[in-house]
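All of these numbers come straight from a predicted model, not from anything done at the bench.
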Amino acid sequence: MLVYPSGVDVSSSALRFLSTRLRQHRRAIGSRWRRLSVGRQALLALAHLRVGHTYAQLAAGFGIGTTTAYRYVTEAVDLLADLAPTLADAVRTASTKAFVILDGTLLPIDRIAADRPFYSGKHKKHGMNVQVLTDPFGRLLWASPALPGAVHDVRAAREHGIVDALAEVGVTCWADKAYRGAGGTVRTPYWGRWETLSTGQKAVNRSHAKIRALVEQAMATLKAWRLLRKIRCSTTRITALVQAVLALHLASSER
């Protein structure tokens, strides 16, 4: 395999953050020697998440074995995932905001037609459903564990306990028509054909759409990590990947 110099468009604060966590982890488990320093291991993990390089490509570039590359990336991802905010953390933060925005996204996966639980009829592709909460400016607050793509958004919101958690603190939540009937403090647009809506209902739906459009910023933040654009690992690892990306993003935003 040919090797060439390349770059990763990730902030240096993200690299320092992950390096610090890896250093603390190595001290905690008493790891004396590794093929890569904490800085190089952090860079390895960031390259995998941001660019989506395979373990074989990373192994060639960093001069290590493929199995070692897998172990180093998995270790870093699991450390980051443990640092991601829980729903309770996000709701506490949301309670200080005027409102929050809820939306779902499908993370494409490489599954075949026989894997029906992962097929999203809405998106016409296989994937995993991830729910996202943002603040009024469209900044990420929380990303949910991944569910099979066949799960509808409103069902996913209920299974994760999002609706009840927001209702308990009385935070208004703006969401699209996929959450119709969710209840609680979730606000959705008026249902029906555009031509059948009253003038007032159309005005409300326009305002609702302007507010909800801000959530696309959060979705773009997630999809900027190219590994999440087409995931080829086991579906059991996808939640950890999403949580790792969330933790990195929030850590970088605070600096």
Side-chain angles (χ1 to χ4, degrees), residues 10-11 13-25 28 42 45-46 48-50 73-107 128-147 151 153 156-175 179 182 184-186 212 214-225 227-228 231 236-255:
V10 178
S11 67
S13 62
L15 180 65
R16 290 194 298 270
F17 174 78
L18 181 51
S19 297
T20 300
R21 296 299 177 275
L22 288 169
R23 185 177 296 108
Q24 294 171 346
H25 175 68
L46 290 176
H48 179 64
L49 292 171
R50 189 70 172 188
V73 169
T74 301
E75 181 180 50
V77 166
D78 289 344
L79 281 175
L80 288 171
D82 288 340
L83 298 173
T86 63
L87 178 58
D89 296 329
V91 169
R92 279 194 295 270
T93 302
S95 65
T96 65
K97 309 293 182 182
F99 60 87
V100 294
I101 308 172
L102 171 65
D103 201 3
T105 187
L106 188 80
L107 302 181
M128 299 294 283
N129 180 305
V130 172
Q131 300 293 300
V132 169
L133 279 176
T134 79
D135 69 7
F137 300 98
R139 293 177 298 215
L140 266 174
L141 295 178
W142 178 77
S144 74
L147 293 174
V151 177
D153 282 338
R158 286 170 176 157
E159 287 194 18
H160 294 309
I162 301 171
V163 178
D164 291 340
L166 292 174
E168 284 182 10
V169 295
V171 177
T172 301
C173 174
W174 297 89
Y179 298 89
T185 57
V186 177
R212 197 169 42 77
L214 295 171
V215 78
E216 295 305 322
Q217 176 180 323
M219 298 306 182
T221 297
L222 284 179
K223 299 297 178 68
W225 298 80
L227 183 69
L228 299 183
I231 305 175
T236 60
R237 292 291 303 163
I238 294 177
T239 293
L241 292 174
V242 173
Q243 299 297 317
V245 167
L246 176 62
L248 277 172
H249 169 71
L250 294 178
S252 301
S253 301
E254 292 172 359
R255 286 167 168 74

Checking [X] now: which residues fulfil salt bridge (charged side-chain N to carboxylate O under 4.0 Å, His left out) with it, not counting sequence neighbours?
{"X": "Asp135", "value": "Arg139"}
{"X": "Glu159", "value": "Arg155"}
{"X": "Arg23", "value": "none"}
{"X": "Asp164", "value": "none"}

Quick check: do [X] and [Y] have side-chain heavy atoms less than 4.5 Å from each other?
{"X": "Ile231", "Y": "Met128", "result": "no"}
{"X": "Leu133", "Y": "Leu166", "result": "yes"}
{"X": "Val10", "Y": "Trp225", "result": "yes"}
{"X": "Leu15", "Y": "Leu46", "result": "yes"}

Problem set entry | All side chain to side chain contact (heavy atoms under 4.5 Å, CB included) counterparts of Thr105, not counting sequence neighbours | Leu107, Val130, Met219, Lys223
Problem set entry | Listed partners of Ala240 passing side chain to side chain contact (heavy atoms under 4.5 Å, CB included), at least two apart | Val77, Asp78, Ala81, Arg237
Any sub-3.5 Å donor-acceptor pair from [X]'s side-chain atoms to [Y]'s backbone N or O?
{"X": "Thr93", "Y": "Asp89", "answer": "yes"}
{"X": "Gln243", "Y": "Ala143", "answer": "yes"}
{"X": "Thr239", "Y": "Ala146", "answer": "yes"}
{"X": "Thr185", "Y": "Gly170", "answer": "no"}

Got a second to check how far [X]'s [atom1] is from [Y]'s [atom2], nearest 0.5 Å?
{"X": "Leu248", "Y": "Leu83", "atom1": "CG", "atom2": "CG", "value": "9.0 Å"}
{"X": "His249", "Y": "Leu140", "atom1": "NE2", "atom2": "CG", "value": "5.0 Å"}
{"X": "Thr221", "Y": "Glu216", "atom1": "OG1", "atom2": "CD", "value": "11.0 Å"}
{"X": "Leu241", "Y": "Thr74", "atom1": "CG", "atom2": "OG1", "value": "8.5 Å"}

Problem set entry | With Cys173, the side-chain contact (heavy atoms from CB on, under 4.5 Å) member among Ile101, Ile162, Val100 | Val100
Exercise. Given Val169 and Arg92, is the side chain to side chain contact (heavy atoms under 4.5 Å, CB included) satisfied, shown in steps?
Worked result: CA-CA 8 Å; Val169 295; Arg92 279 194 295 270; over 6 Å; no
For this session: Carefully, step by step, assess Val242 and Leu246 under the rule side chain to side chain contact (heavy atoms under 4.5 Å, CB included).
Result: CA-CA 6 Å; Val242 173; Leu246 176 62; 5.5 Å; no
Exercise. Does the pair Asp103 and Trp174 meet the rule for a side chain to side chain contact (heavy atoms under 4.5 Å, CB included), with working shown?
Worked result: CA-CA 9 Å; Asp103 201 3; Trp174 297 89; over 6 Å; no
What closest approach, in Å, do [X] and [Y] show between heavy atoms, and which atom pair accounts for it?
{"X": "Leu102", "Y": "Ala157", "answer": "CD2-CB, 4.3 Å"}
{"X": "Val186", "Y": "Tyr179", "answer": "CG1-CB, 4.2 Å"}
{"X": "Ala45", "Y": "Val73", "answer": "CA-CG2, 4.3 Å"}
{"X": "Ala98", "Y": "Pro136", "answer": "N-CG, 4.3 Å"}
{"X": "Asn129", "Y": "Gln131", "answer": "OD1-NE2, 2.7 Å"}
{"X": "Phe17", "Y": "Ala247", "answer": "CE2-O, 4.4 Å"}

For this session: Show your working on side chain to side chain contact (heavy atoms under 4.5 Å, CB included) between Leu147 and His160 and close with a plain yes or no.
Result: CA-CA 10 Å; Leu147 293 174; His160 294 309; 3.6 Å; yes
